[in-house]
J.: 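Dropping the structure in here first, questions after.
Note that the structure is a prediction, hence the values are computed from the model and not measured. Atom set for the values below is all heavy atoms of this structure, side chains included, hydrogens, waters and symmetry mates excluded.
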Amino acid sequence: MPLDTMGDESDEALLMRYATGDQAAAQALTLRLTPRVYAHACRMLGIPAEAEDVTQEALLRLWRMAPDWRQGEARVTTWLYRVVANLCTDRLRRARGVALDAVPEPEDEAASAADRMLEKSRAAALQAALNLLPERQRQAVILRHIEGLSNPEIAEIMETSADAVESLTARGKRALSAELSGRREELGFSDD
């Protein structure tokens, strides 16, 4: 079956097809999920190479557990976000002994146009501010405001209550606002 005809199938259906040996379903699901998994890992870790490793490991875990998947218990994306979050948390805990200055800056491949540079500065400022948040606040803010998940979905991923997610998100947003408020002009935001 061509990949473009699988767009209507759910992640769960594709995973079940892969579990029965359908390699095209695995390829379609990989193409669908990899960008989201990588983006989430990159935002959690702030280091693209580390995010690539986490993405690969998370997807390998998905393929390994596919034969045991119990449809209807959880969404594939919910399960996968939880795995990514756990892998990122493990890496962040191991890296705590590394000085911030020892972490290499991502290479700048952007064109020299002013708007691209400004966008990159904004993204770097946001990532730096996210990196200052406690892990659970960072995870809640990323899942809610960058990934666009609902509080109940985030609660399931983080294995907590929706009220706790709301609290974590609110505290994280306040901390981000405080961290970035003095940089509005530098980052090209006017008070108009």
J.: If I compare all heavy atoms of I154 with all of A140, which pair ends up nearest, and what's the gap?
T.: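 Heavy atoms only, the tightest pair is CD1-O, 4.1 Å.
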
J.: Please check this pair: side chain of Q127 against backbone of R43, looking for a donor-acceptor N/O pair closer than 3.5 Å.
T.: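 Pair found, side chain donor or acceptor close to backbone of R43.
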
J.: Looking at every non-hydrogen atom in both residues, tell me the closest pair between E12 and V76 and how far apart they are.
T.: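 Closest pair (atom of E12, atom of V76, distance): OE2-N, 2.7 Å.
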
J.: For Q137 versus R171, what's the shortest heavy-atom pair and its separation?
T.: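 Closest heavy-atom pair between Q137 and R171: NE2-NE, 3.4 Å.
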
J.: Answer with yes or no whether the hydrophobic clustering places M158 together with V83; edges join I, L, V, M, F, W, Y residues whose side-chain heavy atoms lie under 4.5 Å apart.
T.: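 Per the 4.5 Å side-chain linkage, M158 and V83 are not co-clustered.
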
J.: Return the CG to OH distance between N86 and Y81, rounded to the nearest 0.5 Å.
T.: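 Reported to 0.5 Å precision, the distance equals 14.5 Å.
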
J.: Charged N to carboxylate O under 4.0 angstrom, R75 versus D11?
T.: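 Looking at D11 together with R75, the answer is no, because their closest N to O distance does not fall below 4.0 Å.
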
J.: Under 3.5 Å, side chain of E179 to main-chain N/O of L132, donor-acceptor pair present?
T.: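 Side chain of E179 to backbone of L132: no pair is present.
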
J.: Restricting to non-hydrogen atoms, name the atom on L59 and the atom on T30 that form the minimum distance, rounded to 0.1 Å.
T.: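 L59 and T30 have their closest heavy atoms at CD1-CG2, 4.4 Å.
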
J.: Hey, is the main chain of K173 close enough, under 3.5 Å, to the side chain of S177 for a donor-acceptor pair?
T.: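 Here the side-chain-to-backbone pair does not exist.
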
J.: Distance-only, no hydrogens or angles: does the R138 side chain make a donor-acceptor pair with backbone N or O of L133 under 3.5 Å?
T.: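 Looks like yes, one N/O pair under 3.5 Å.
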
J.: Which distance, rounded to the nearest 0.5 Å, do you find between the CD of E9 and the CG of L14?
T.: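 Those atoms lie 5.0 Å apart.
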
J.: Looking at every non-hydrogen atom in both residues, tell me the closest pair between Q23 and Y18 and how far apart they are.
T.: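 Scanning both residues, the minimum pair turns out to be NE2-CE1, 3.9 Å.
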
J.: So, E166 and R144, do they make that salt bridge, N to O below 4.0 Å?
T.: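 Looking at R144 together with E166, the answer is no, because their closest N to O distance does not fall below 4.0 Å.
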
J.: Will you find, in the side chains of R93 and T89, an N or O donor that is under 3.5 Å from an N or O acceptor?
T.: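 R93 vs T89: no donor-acceptor pair found between side chains.
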
J.: Would you check if the side chain of S181 reaches a backbone N or O of A178 as a donor-acceptor pair within less than 3.5 Å?
T.: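 Answer holds: yes.
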
J.: Would you compute the distance between atom CG of L126 and atom CG of L130 and round it to the nearest 0.5 angstrom?
T.: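 Output value for this atom pair is 4.5 Å.
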
J.: With no hydrogens and no angle check, just 3.5 Å: does a side-chain donor-acceptor pair link S150 and E153?
T.: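 Per modelled atom types, S150 and E153 side chains form a pair under 3.5 Å.
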
J.: Out of curiosity, does W63 fall in the hydrophobic cluster containing M16 (side-chain heavy atoms, cut-off under 4.5 Å, transitive links)?
T.: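 They do share one cluster, since a chain of ILVMFWY contacts under 4.5 Å joins M16 to W63.
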
J.: Do L33 and L15 sit in the same hydrophobic cluster, where Ile, Leu, Val, Met, Phe, Trp and Tyr count as joined when their side-chain heavy atoms come under 4.5 Å apart?
T.: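 Yes, it is one cluster - the side chains of L33 and L15 are joined through contacts under 4.5 Å.
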
J.: Supply the atom-to-atom distance L62 CG to L29 CG, rounded to the nearest 0.5 angstrom.
T.: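 Nearest 0.5 Å value for the CG-CG distance: 6.0 Å.
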
J.: Going hydrophobic residue to hydrophobic residue with side-chain gaps under 4.5 angstrom, can you get from I146 over to L149?
T.: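 No, because I146 and L149 fall into different hydrophobic clusters, even though each may have its own neighbours under 4.5 Å.
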
J.: Tell me whether R82 contacts the main-chain N or O of E156 through its side chain, where contact means a donor paired with an acceptor under 3.5 Å.
T.: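 Yes: the side chain of R82 pairs with the backbone of E156.
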
J.: Test of understanding: clusters of I, L, V, M, F, W, Y form through side-chain heavy atoms closer than 4.5 Å, transitively. Do I157 and V165 belong to the same one?
T.: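 Yes.
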
J.: So, for C88 and A41, which heavy atoms are closest and what is the spacing to 0.1 Å?
T.: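 That closest heavy-atom pairing would be SG-CA, 3.9 Å.
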
J.: Here's a test for you: under side-chain contact (heavy atoms from CB on, under 4.5 Å), which of R91, H40, M44 qualifies with V54?
T.: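 In the set R91, H40, M44, the residue that makes a side-chain contact (heavy atoms from CB on, under 4.5 Å) with V54 is R91.
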
